[in-house]
Amino acid sequence: QVQLVESGGGSVQSGGSARLSCTASHVTVCMAWFRQTPGKGREGVAAIDLHYGGPVYSDSVKGRFTISQDNSKKTINLEMNSLKPEDTATYYCAAGSAYTKDGCQAHYWGQGTQVTVSS
């Protein structure tokens, strides 16, 4: 069973920046960030193949967010810049066993961390 531990989150002003981190107990094929809001449900934000890279992003965050990994292949980060109120959500770290053109097929999930962007 893969366990994921997240850190980061909090309150940020519109236009500001924040960083999220996630560390997994085991190396998997891919890791990703999702976010969930009452209005939009769960949305894939960014994903990366831990062995080959090739990060992908949702259109809503492309150019503003950057996903990265460390050399252990068990830690990922999400650098969030130019934050908007619509970025407000609970952000979840995930890990999976398949990476496709559409992103990471997630099987394991973190507890989630709240990011609130104020106007």
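All values below come from the heavy atoms of this structure, side chains included, with hydrogens, waters and symmetry mates left out. A quick note: this is a predicted structure, and the numbers were derived from the prediction, not measured.
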Could you pull out the closest heavy-atom pair between [X] and [Y], with the gap in Å?
| X | Y | answer |
| --- | --- | --- |
| S14 | S119 | CB-CA, 4.3 Å |
| G103 | A47 | CA-CB, 4.3 Å |
| A95 | L4 | N-CD1, 3.8 Å |

Drop me the distance from [X]'s [atom1] to [Y]'s [atom2], to the nearest 0.5 angstrom.
| X | Y | atom1 | atom2 | value |
| --- | --- | --- | --- | --- |
| I67 | M31 | CD1 | CE | 8.0 Å |
| N77 | D70 | CG | CG | 7.5 Å |
| Y108 | H26 | OH | NE2 | 9.0 Å |
| I76 | S21 | CD1 | OG | 9.0 Å |
| Q111 | C22 | CD | SG | 11.0 Å |
| F65 | N81 | CZ | CG | 8.5 Å |

Heavy-atom distance under 4.5 Å between the side chains of K73 and V29, does that happen here?
->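 With C-beta onward as the side chain, the pair stays apart.
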Please answer: with hydrophobic residues joined when any side-chain heavy atoms are less than 4.5 Å apart, are [X] and [Y] in the same cluster?
| X | Y | result |
| --- | --- | --- |
| L50 | L78 | yes |
| L20 | V56 | no |
| W33 | Y99 | no |

Under the side-chain hydrogen bond (donor to acceptor under 3.5 Å, both in side chains) test, residues paired with R42 that sit two or more places apart =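 Not a single residue meets the side-chain hydrogen bond (donor to acceptor under 3.5 Å, both in side chains) criterion with R42.
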Main chain of [Y], side chain of [X]: is a donor-acceptor contact present, judged purely on distance under 3.5 Å?
| X | Y | result |
| --- | --- | --- |
| H51 | C30 | no |
| T90 | Q114 | no |
| S25 | Q3 | yes |

Other residues, nucleotides, ligands: >12 heavy atoms within 6.0 Å of Q13 CD =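 Count not over threshold, so no.
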Please step through side chain to side chain contact (heavy atoms under 4.5 Å, CB included) for the pair Q69 and D49, ending with a clear verdict.
-> CA-CA 9 Å; Q69 64 172 320; D49 184 313; over 6 Å; no
List for me each residue that meets side chain to side chain contact (heavy atoms under 4.5 Å, CB included) alongside H107, sequence neighbours excluded, and say none if there are none.
->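 Residues passing side chain to side chain contact (heavy atoms under 4.5 Å, CB included) with H107: S97, Q105.
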How far apart are the C-alpha atoms of T23 and E6, what are their side-chain angles, what is the distance that settles it, and do they pass the side chain to side chain donor-acceptor pair (under 3.5 Å) test?
-> CA-CA 7 Å; T23 297; E6 300 162 334; over 6 Å; no
So, R64 versus S17: side-chain donor-acceptor pair below 3.5 Å or not?
->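 Side chains of R64 and S17: no pair found under 3.5 Å.
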Ignoring hydrogens and angles, state whether a donor on the side chain of E43 or S60 is under 3.5 Å from an acceptor on the partner side chain.
->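 Yes, side-chain donor-acceptor contact under 3.5 Å.
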Going by side-chain heavy atoms closer than 4.5 Å, which hydrophobic residues are tied to Y92, directly or by a chain of links?
->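 Once heavy-atom contacts under 4.5 Å are chained together, Y92 belongs with F34, W109.
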Apply side chain to side chain contact (heavy atoms under 4.5 Å, CB included) to T28 and V2, showing your working.
-> CA-CA 8 Å; T28 56; V2 177; 3.9 Å; yes
Test salt bridge (charged side-chain N to carboxylate O under 4.0 Å, His left out) applied to K62 and D59, step by step | CA-CA 5 Å; K62 190 175 299 181; D59 289 339; 3.6 Å; yes
